[in-house]
Amino acid sequence: MILFQAENIVKNYSNHRALDKVTIKVPQKSIYGLLGPNGAGKTTLIRIINQITAPDAGTLTYMKKPMQREDIYSIGYLPEERGLYKKMKVGEQALYLAQLKGLSRHDAITQLKQWFEKFEIGSWWNKKVEELSKGMQQKVQFIVTVIHKPKLLIFDEPFTGFDPINTRQLKEEILSLRKKGATIIFSTHDMGSVEELCDHITLINESRTLLEGPIDEIREKYSENEFELRFEGEINLLTATLNSRFRILEHKKENNYSIVRIQLTNNGTPNDALYSLLDAGKILSFNKITPNMNDIFIKVVSEYREKRKSENPGKKIKK
Amino acid sequence: MNKTGLIIRREYLTRVRKKSFIILTLLTPLFMAAMIVIPVLVMSSKGQEVKRIAVIEKQGHFFKGKIHSTKYLKFSYLDNANLDSLKRHFDELGYYGILVISPKIGTFPSAVQLISHKQPPLEVVTYISDALEKEIERQKLLAYNIKDLDKILKSVETKINLQTITINASGQEKETNTGIAMALAYISGLLIYMLTFMFGAMVMRGVIEEKTNRIVEVLISSVRPFQLMMGKIIGIALVGLTQFLLWIILTLILVLATTGVVMHKKSSNSSMQLPKDLFSAGTEQIIQQQNPTATKTISMEDLSQAQKMLDALKAVNWGLIVGSFIIFFLGGYLLYASLFAAVGAAVDSETDTQQFMLPITIPLILALFIAMGTFQNPESQLALWGSLIPFTSPVVMMARLPFGVPAWQLVVSIILLFLTFIGTAWIAARIYRTGILMYGKKPTWKEMWKWLKYKNF
């Protein structure tokens with residue numbers, strides 16, 4: 001089931017178009033990655049989902065109905081530019097933000113106590129925010145983002161500024177929230193965390209969608225049918241057994257075994273390749289090489305830029 | 001509680017709990033009360049100590065018995081005293097000083113000396129020279145041998161106390177007091193100017209704080225920018241009203257308490273002492289006392305003087321003044337605070353505000369100048385238009401009000417003020433909602449104009 005859908009979203013600012021017919025479909029209980037270089041339009045899209053700003057064209061659908069103002073109370077949003085009132089006490093501030101999200105005072109206090117206990121920060125309740133370290137403040141921010149048990153969670157660059165321990169804790173929390181039924185959209189540059197967490201992604205560049213879909217399918221699509229073979233034996237024997245079904249891209253010798261990268265051609269299957277390889281020596285491993293998201297990202301974006309440059313020679317690409 | 005209510009509550013509570021707010025709220029009444037009470041104390045304590053002055057004439061007895069003693073100033077005419085020994089011993093003899101009059105005084109104004117250890121107070125000096133002048137004038141007139149001179153002088157002696165009375169359309173007469181009207185106009189006009197600036201700037205700083213703290217995006221994912229802006233403006237308006245009311249109440253309590261103590265102390269002397277000291281200028285008292293027959297009538301005259309002042313104060317329509325003050329303070333504050341909020345949203349730090357502050361501060365300062373002119377001529381065209389045009393009306397109308405303003409002008413002015421506020425709030429909200437999410441470079445006027453046309457929720 002699709003929880004949230006944005007269709008053909010267009011948003012113009014005074015001197016540029018921030019989003020140009022962008023469509024995303026976020027399945028329920030998925031972790032949806034919003035990728036793209038700086039200035040691509042991710043934050044604008046996120047602000048549109050949060051109803052901070054309105055699109056010039058396009059439709060927003062949330063739980064199969066056109067999105068309404070009240071829907072923001074079932075959304076939790078952790079913006080990239082995030083902060084707290086420095087002079088306010090932690091507990092008081094968390095309570096205020098929770099109430100703004102529609103919780104009653106009583107519910108807010110109960111929920112907050114639980115979260116503060118879980119994160120072992122109960123003793124901070126009466127401290128002023130300015131007394132906390134940045135990492136501590138981020139924990140408080142995370143709590144107030146999820147305090148009202150939102151169905152949809154939106155994290156804009158959630159890991160920037162987190163130390164590895166907090167990043168890990170945040171990732172675990174995101175996964176456990178999904179397990180409890182939440183749907184999560186997050187934007188990031190960190191491709192490692194995309195591979196680790198995301199089911200679906202959209203890659204936006206220069207206001208347009210370049211890639212969209214389940215991450216496995218995308219990786220499959222961009223894989224070049226390449227395999228890595230490790231074996232003990234003679235490389236010459238291997239070349240001798242070469243047939244038209246595959247070819248060797250590169251090979252190198254390491255200690256007492258060889259590493260070879262081969263590519264299947266002419267509808268060759270891995271089985272065909274393995275069959276021919278059996279005589280070449282002792283096979284240690286045979287792995288499919290799937291491109292990582294980082295490579296796909298760079299490849300897609302730079303191909304797009306090349307295309308734009310050749311379409312508009314001499315014209316500087318506007319952001 | 002609804003969202004705007006929550007925001008108002010936070011804005012109000014965080015400010016009211018601040019140390020700076022508490023200190024300012026408590027210290028200002030102390031200062032204001034001191035401004036009222038200290039002159040009273042000074043005036044009532046002055047002359048407590050009786051000053052005895054020895055009068056010596058170098059030749060003749062022209063001034064014997066001519067300088068009349070008062071309650072706190074006793075003159076002793078010494079016929080045959082040795083000036084040199086007196087100079088050494090007047091202190092021991094219980095004199096405050098020696099007045100030495102030379103016979104040439106008729107032609108040389110400086111042929112008279114007051115010798116004392118301490119610099120004598122101005123009142124003493126003025127009193128003595130006035131008495132001498134009068135006596136010399138009398139003696140010079142005597143030289144013309146005018147018949148029944150004393151009688152004539154008595155009959156021409158005149159005292160003026162101009163009564164000002166306003167008459168309204170229905171023919172009702174009311175005694176007024178220009179001095180009190182001036183003071184009220186000045187104080188309320190200036191106060192509105194200061195409070196609008198103070199609390200308007202507070203709104204602006206609040207917006208900048210939220211922007212630089214980066215909390216604003218968290219907030220506007222829960223509430224509309226307009227709610228956030230209005231919540232802040234209203235919350236701070238309540239802070240302003242709280243502070244204003246506390247100032248008035250605390251000042252009244254302090255003034256009443258301290259003057260109560262003074263009055264209690266002096267109750268044996270004269271029960272009318274306090275109002276007299278409060279409202280009559282010090283010199284008046286002395287001039288009246290020059291009149292030889294005045295000793296008995298002084299208190300009567302003073303009483304009537306004080307009574308008139310009290311009546312004039314009572315005649316002021318306090319309900320109208322205080323009510324209008326609150327309405328015009330709120331209207332003016334709301335109008336300017338929304339503009340201050342827009343400026344706060346457009347910039348990243350307080351140092352960037354100057355360029356955008358100018359169009360806001362100019363009308364406010366202009367209003368103050370018009371108000372100053374109003375004191376001279378409350379009926380001028382400038383004052384009339386200044387009190388109707390919303391950007392200057394809060395200050396100018398408060399400056400005009402104590403002199404009397406037709407009801408229709410007051411109503412039109414208030415309506416225009418609040419209509420304009422709706423307009424400025426609309427514009428400010430549009431700049432605000434875009435500005436709070438813009439970081440980095442300072443926007444130009446052109447960009448801000450474009451923000452007005454962006455489509456937002």
Side-chain angles (χ1 to χ4, degrees), chain A residues 10-15 43-44 46-57 60 67-69 71-73 75-89 92-105 108 129-130 137 140-141 144-145 147-148 150 154 156 161, chain B residues 1-15 17-21 205-206 209-228 231-232 235 348 430 432-440 443-444 446-457:
Chain A
V10 177
K11 178 75 186 176
N12 294 312
Y13 284 121
S14 52
N15 47 13
T43 298
T44 305
I46 285 175
R47 283 179 178 169
I48 286 172
I49 302 171
N50 278 297
Q51 305 193 21
I52 288 170
T53 182
D56 295 328
L60 300 167
M67 207 169 189
Q68 280 168 1
R69 180 68 196 169
D71 292 334
I72 61 163
Y73 300 119
I75 297 177
Y77 175 39
L78 185 68
E80 183 182 5
E81 301 286 3
R82 52 186 176 253
L84 297 163
Y85 289 112
K86 289 196 169 46
K87 302 270 173 201
M88 243 177 135
K89 284 179 182 164
E92 209 181 329
Q93 179 150 216
L95 194 57
Y96 171 62
L97 293 171
Q99 282 180 286
L100 284 185
K101 271 293 179 191
L103 286 187
S104 74
R105 197 181 161 80
V129 170
E130 60 191 350
Q137 291 186 27
V140 179
Q141 279 154 353
V144 298
T145 309
I147 188 75
H148 56 297
I154 301 168
D156 196 356
Chain B
M1 208 191 285
N2 79 9
K3 302 283 153 359
T4 317
L6 279 170
I7 296 164
I8 293 172
R9 188 169 167 270
R10 192 203 83 87
E11 297 292 338
Y12 181 79
L13 287 180
T14 48
R15 283 186 173 76
R17 284 193 208 138
K18 264 189 193 164
K19 276 195 198 87
S20 57
F21 175 86
R205 277 199 302 276
E209 186 206 357
E210 278 169 1
K211 212 180 150 177
T212 48
N213 270 357
R214 304 287 204 252
I215 196 175
V216 70
E217 197 157 343
V218 176
L219 293 174
I220 57 170
S221 64
S222 317
V223 297
R224 288 172 197 275
F226 185 72
Q227 288 175 308
L228 189 59
K232 186 175 285 295
D348 277 0
R430 285 174 168 253
Y432 180 85
R433 65 185 188 187
T434 309
I436 44 172
L437 296 173
M438 296 279 179
Y439 295 103
T444 60
K446 205 173 137 198
E447 275 170 312
M448 278 166 78
W449 176 250
K450 278 181 185 156
W451 293 357
L452 290 182
K453 291 176 285 188
Y454 280 168
K455 191 182 166 198
N456 285 58
F457 280 101

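In what follows, chains are A, B, ... by sequence order, proteins preceding strands, each numbered from 1. All values derive from a computational prediction rather than experimental measurement.
Between A:M88 and B:R10, some side-chain heavy-atom pair lies under the 4.5 Å cut-off. Contact annotation: the side chain of B:V218 never approaches that of A:Q141 to less than 4.5 Å [non-hydrogen atoms, C-beta and beyond]. Residues A:Y77 and B:I220 fail the side-chain proximity criterion, which asks for heavy atoms closer than 4.5 Å. The shortest distance between side-chain heavy atoms of B:E217 and A:R47 falls below 4.5 Å. Residues A:T53 and B:T434 form no side-chain contact, since every pair of their non-hydrogen atoms from C-beta on lies 4.5 Å or further apart.
Between A:L100 and B:K3, the shortest heavy-atom distance links the atoms O-CE, 2.8 Å. Looking at every heavy atom in both residues, B:I215 comes nearest to A:G83 through CG1-O, 3.2 Å. Closest approach of B:L6 and A:Y96 over heavy atoms only: O-CE1, 3.6 Å. Counting all heavy atoms, side chain and backbone alike, B:S222 lies closest to A:Y73 at O-OH, 3.5 Å.
We find the OG-CG distance between B:S221 and A:L97 to be 9.0 Å, quoted to the nearest 0.5 Å. Taking NZ from A:K101 and CG from B:L219, the interatomic distance works out to 10.0 Å, rounded to the nearest 0.5 Å. To the nearest 0.5 Å, atoms CZ (B:R214) and CD (A:E80) are separated by 9.5 Å.
Only the side chain of B:E209 comes within less than 4.5 Å of a heavy atom in chain A; its backbone stays farther off. Of the atoms belonging to B:T14, it is side-chain heavy atoms, and not backbone ones, that fall under 4.5 Å from chain A. With a 4.5 Å cut-off on non-hydrogen atoms, A:E130 does not touch chain B at all. With a 4.5 Å cut-off on non-hydrogen atoms, A:E92 touches chain B through its side chain but not through its backbone. Using a 4.5 Å cut-off between heavy atoms, A:Y13 touches chain B through backbone and side chain atoms alike.
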